[in-house]
Structure formats: structure tokens, C-alpha cells
Amino acid sequence: MERFKDKVVFLTGAATGIGEATAKRMAAEGASLYIVDVAQTELESTAQACRKLGADVASQTCDVSNETEVARSVEEMLDRFGKVNVVGNVAGIQLWHHTCDHPTSDFERTLAVNLTGTFLVCRELIPHLLQTGGSIVNVSSTTALAGIPYSVAYAASKAGVLALTKSLAVEYAKQGLQVNCVNPGGIKTAMTKMPPVDDIDMDLLLRQNPLTPFVEPESVASLIAFLASDEGRHINGEHVRIDGAALA
Ligand SMILES: NC(=O)c1ccc[n+]([C@@H]2O[C@H](COP(=O)([O-])OP(=O)(O)OC[C@H]3O[C@@H](n4cnc5c(N)ncnc54)[C@H](O)[C@@H]3O)[C@@H](O)[C@H]2O)c1
């Protein structure tokens, strides 16, 4: 399949996990890629892997919560590729605390990366996506749809991503923009290691676990690619759970 032939993809969080898998998936399907992340070494590994798959790739260290860095990356991407067809907002962090001990700084940092970062990337790129009739896929979470303990900032940020997704879809659908999000749960990445919190109630923590074993990040990459491709074109303003029936 060459669903991304002649398409330019701007992808955040591409160093590891779901973002890395998404970059490789789109590279294998003909995309040119501009990938960003804060983890420089791993980001370069992803870029090299994508080049081996035949893709034209540029990578840039960028903290998505930093307005200036996002604007600089967008400008650099446009200088290099001249257009953008697909945006994938995958970058994210999850910090664990019992809520009564939750530092305000960690709450704000989580919102800054997961929600403000998604907003900033969308805001900077939408004018250019409107020129190509492009597509945005944001990464939300099952935690946007059902409660999770010890991670209120993360859950709130991901619910924000879901609401932002639907609002953007409504605001820009008539102008040809497509905006969806995916709601993963139980994906084998660095993020799904055991939380570093004392006195964990495992019953509460496991409420959102899939009914089937955890799966590799490629499964989410495949869903993101489908939504961003012409095959998924009429799906707009949707959120799609990919969680092994955890919330079914
Ligand atoms: N793994 C799961 O089960 C799961 C479930 C629901 C949602 N998600 C979401 O999927 C996305 C990818 O997570 P993952 O599971 O692949 O974990 P991951 O930790 O491997 O990937 C997150 C990536 O985001 C990058 N990142 C962190 N802060 C950043 C910043 N300020 N600017 C730019 N990049 C930054 C990290 O360096 C990393 O490469 C995240 O948004 C996460 O919330 C994952």
C-alpha cells in the first residue's frame, strides 16, 4: 500500500512507542516525514529507520508545549517540504500521584504537554492543512472516557484532547479539514510500566486493562494511518477506542 505517496506528515512524539511506530508505518507507505520529539537520540533512530524504508525525513528536537519551538518547527517543515497533508499529535507524558499529594507543577506540566502542545501544533498547522484538504489525528486515551486512579492530570488532559478534536472538526469540516482522535488503552510502551506510586489499589488500577493481552504500538499506528489516509476520509470528529474491549 502507498496511501501516503506524495503526502507530507508532521508527527510529534516520534522518538518511541506509538509515535515511532506511526512514523515507520507512514514511511513504509510512501510518506515524507517531519518528525519532532524531545528525545533527540531516539528521534534520530526513528528518522534513520524511516529513511531505510525509503522515506524523505527531517527531524527536529521540539518541546510541543513551547510555542516558539513549535512555530520554528512548522516554519522549518514548510521550508523543507512546502506543504503539509497530515498531522499526528502523539507526544505525551503521564505522571503518577495520589491526588492529595499531586504537585501543581506536575498537573500543569501534564496539561502543557498533552493538551496545550496538541493545541499549539493544530493552531500553527491548520492554515496549511486547509490548503491541502488535510487530516489531523490526535492521540487521546481511554482515560478520557472512564476514570483512572493516581493520574488525574493525565486523564483531564486526554479528555481535553478529545473535546479539542471534536471542536476543531466542527469548526473546519466545511473547509475540508478532517480531525479525529484515537483512544488507546493497554499498548506495550514505556508509558504502560507499573506506576511509581506507593499504596496502589491494583483493582482500581486494572479497571481499564484490556480483556486481551497488551498489544504492540503498531496496532495504534495502523489505526492512525487509516484515519489519516483517504480510506478514512469521511470519518470526521470521531474518537476511536483501541483497547481490547476494556471499556466495551
Ligand atoms: N501506551 C498506551 O497504552 C497509551 C494509552 C493511551 C494513550 N497513549 C498515548 O499515546 C501517546 C504515545 O505514548 P506511548 O505510549 O507511545 O509512550 P512513549 O513514552 O513511548 O511516547 C511518548 C513520546 O512523547 C515524547 N514527548 C514527551 N514529552 C514531549 C514534549 N514535551 N514534546 C515533544 N515530545 C514529547 C516522548 O519523548 C516520547 O517519545 C501519548 O500521547 C500517550 O498519552 C498511550
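This structure is a prediction, so every number in the text was calculated from the model and none was measured. The basis for the numbers below is simple: all heavy atoms, side chains too, and nothing from hydrogens, waters or symmetry mates. Just follow the structure's listing: the first ligand is 1, and inside any ligand the first atom is 1.
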Check your understanding: Ile136 and Ile126: side-chain contact (heavy atoms from CB on, under 4.5 Å), yes or no, with the steps?
Key -> CA-CA 9 Å; Ile136 298 173; Ile126 284 172; 3.9 Å; yes

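- Counting only heavy atoms of the protein, atom 43 (O) of ligand 1 lies nearest to Tyr154 OH, 2.5 Å.
- In terms of protein heavy-atom proximity, atom 32 (N) of ligand 1 is closest to Val64 N, 3.0 Å.
- Under 3.5 Å, the side chains of Thr46 and Glu20 contain no donor-acceptor pair of N or O atoms.
- Taking only nitrogen or oxygen atoms, main chain and side chain alike, Ser65 does not reach within less than 3.5 Å of ligand 1.
- Using a cutoff of 4.0 Å between basic side-chain nitrogens and carboxylate oxygens, Glu218 and Arg25 are not scored as salt-bridged.
- Inspection of the Ser140 and Asn183 side chains reveals an N or O donor paired with an N or O acceptor under 3.5 Å.
- For Thr165 and Asn138, the side-chain atoms include at least one donor-acceptor pair closer than 3.5 Å.
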Check your understanding: Are Leu120 and Val64 close enough, and set up right, to give a side-chain contact (heavy atoms from CB on, under 4.5 Å), and what steps lead you there?
Key -> CA-CA 7 Å; Leu120 291 173; Val64 295; over 6 Å; no

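- Heavy-atom proximity to atom 23 (C) of ligand 1, evaluated over Thr143, Asn114, Thr142, Asp37, is greatest for Asp37.
- Among Cys62, Ser141, Gly92, the residue whose heavy atom sits closest to atom 22 (C) of ligand 1 is Gly92.
- At the top of the distance list for atom 34 (N) of ligand 1, counting protein heavy atoms only, stands Ala91 CB, 3.4 Å.
- Close approach to Ile93 involves these atoms of ligand 1, each under 4.0 Å from a residue heavy atom: 27 (C), 28 (N).
- Ligand 1 has at least one atom lying under 4.0 Å from a heavy atom of Gly186.
- Residue pairs meeting the salt bridge (Lys or Arg N to Asp or Glu O under 4.0 Å) criterion with at least one member in residues 167-195, sequence neighbours excluded: Lys188-Glu216.
- Protein heavy atom in closest approach to atom 12 (C) of ligand 1: Val90 O, 3.4 Å.
- Evaluated by nearest non-hydrogen atom to atom 41 (O) of ligand 1, the leading choice among Lys158, Glu20, Gln208, Met191 is Lys158.
- The nearest heavy-atom contact from the protein to atom 3 (O) of ligand 1 is Ile187 N, 3.0 Å.
- Heavy-atom contacts of Pro184 reach the following atoms of ligand 1: 5 (C), 6 (C), 7 (C) (cutoff under 4.0 Å).
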Practice item. Take Asp56 and Arg80, measure what salt bridge (charged side-chain N to carboxylate O under 4.0 Å, His left out) needs, and give me the verdict at the end. Key: CA-CA 10 Å; Asp56 187 3; Arg80 169 76 192 268; 2.3 Å; yes

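- Of the protein's non-hydrogen atoms, the one nearest atom 29 (C) of ligand 1 is Val38 CG2, 3.7 Å.
- When atom types are taken as modelled, the side chain of Asn236 and the backbone of Ala169 share no donor-acceptor pair closer than 3.5 angstrom.
- At least one heavy atom of Arg109 sits closer than 4.0 Å to an atom of ligand 1.
- Interface of Gly17 with ligand 1, defined as ligand atoms under 4.0 Å from a residue heavy atom, comprises 16 (O), 20 (O).
- Distances from atom 44 (C) of ligand 1 to the heavy atoms of Ile18, Thr12, Leu43 put Ile18 nearest.
- Within the structure, ring-ring contact (aromatic ring centres under 6.0 Å, His included) contacts touching residues 125-182 (residues at least two apart or in different chains) are His98-Tyr150.
- Using a 4.0 Å cut-off to heavy atoms of Ser140, the atoms of ligand 1 that qualify are 6 (C), 7 (C).
- The atoms of ligand 1 that sit less than 4.0 Å from any heavy atom of Thr189 are 1 (N), 14 (P), 15 (O), 16 (O), 17 (O).
- Interface of Thr192 with ligand 1, defined as ligand atoms under 4.0 Å from a residue heavy atom, comprises 1 (N), 2 (C), 3 (O).
- Atoms of ligand 1 lying under 4.0 Å from any heavy atom of Val139, numbered from 1 in the order shown and given with element: 9 (C), 10 (O), 11 (C).
- In this structure, a donor-acceptor pair under 3.5 Å is absent between the side chains of Thr110 and Gln94.
- A donor-acceptor contact closer than 3.5 angstrom is absent between the side chains of His239 and Asn180.
- Residue Asp63 has at least one heavy-atom neighbour below 4.0 Å for each of these atoms of ligand 1: 30 (C), 31 (N), 32 (N).
- With hydrogens and angles ignored, the 3.5 Å screen pairs a side-chain donor or acceptor of Thr12 with a backbone N or O of Ala91.
- With respect to atom 21 (O) of ligand 1, the closest heavy atom belonging to the protein is Thr16 OG1, 3.5 Å.
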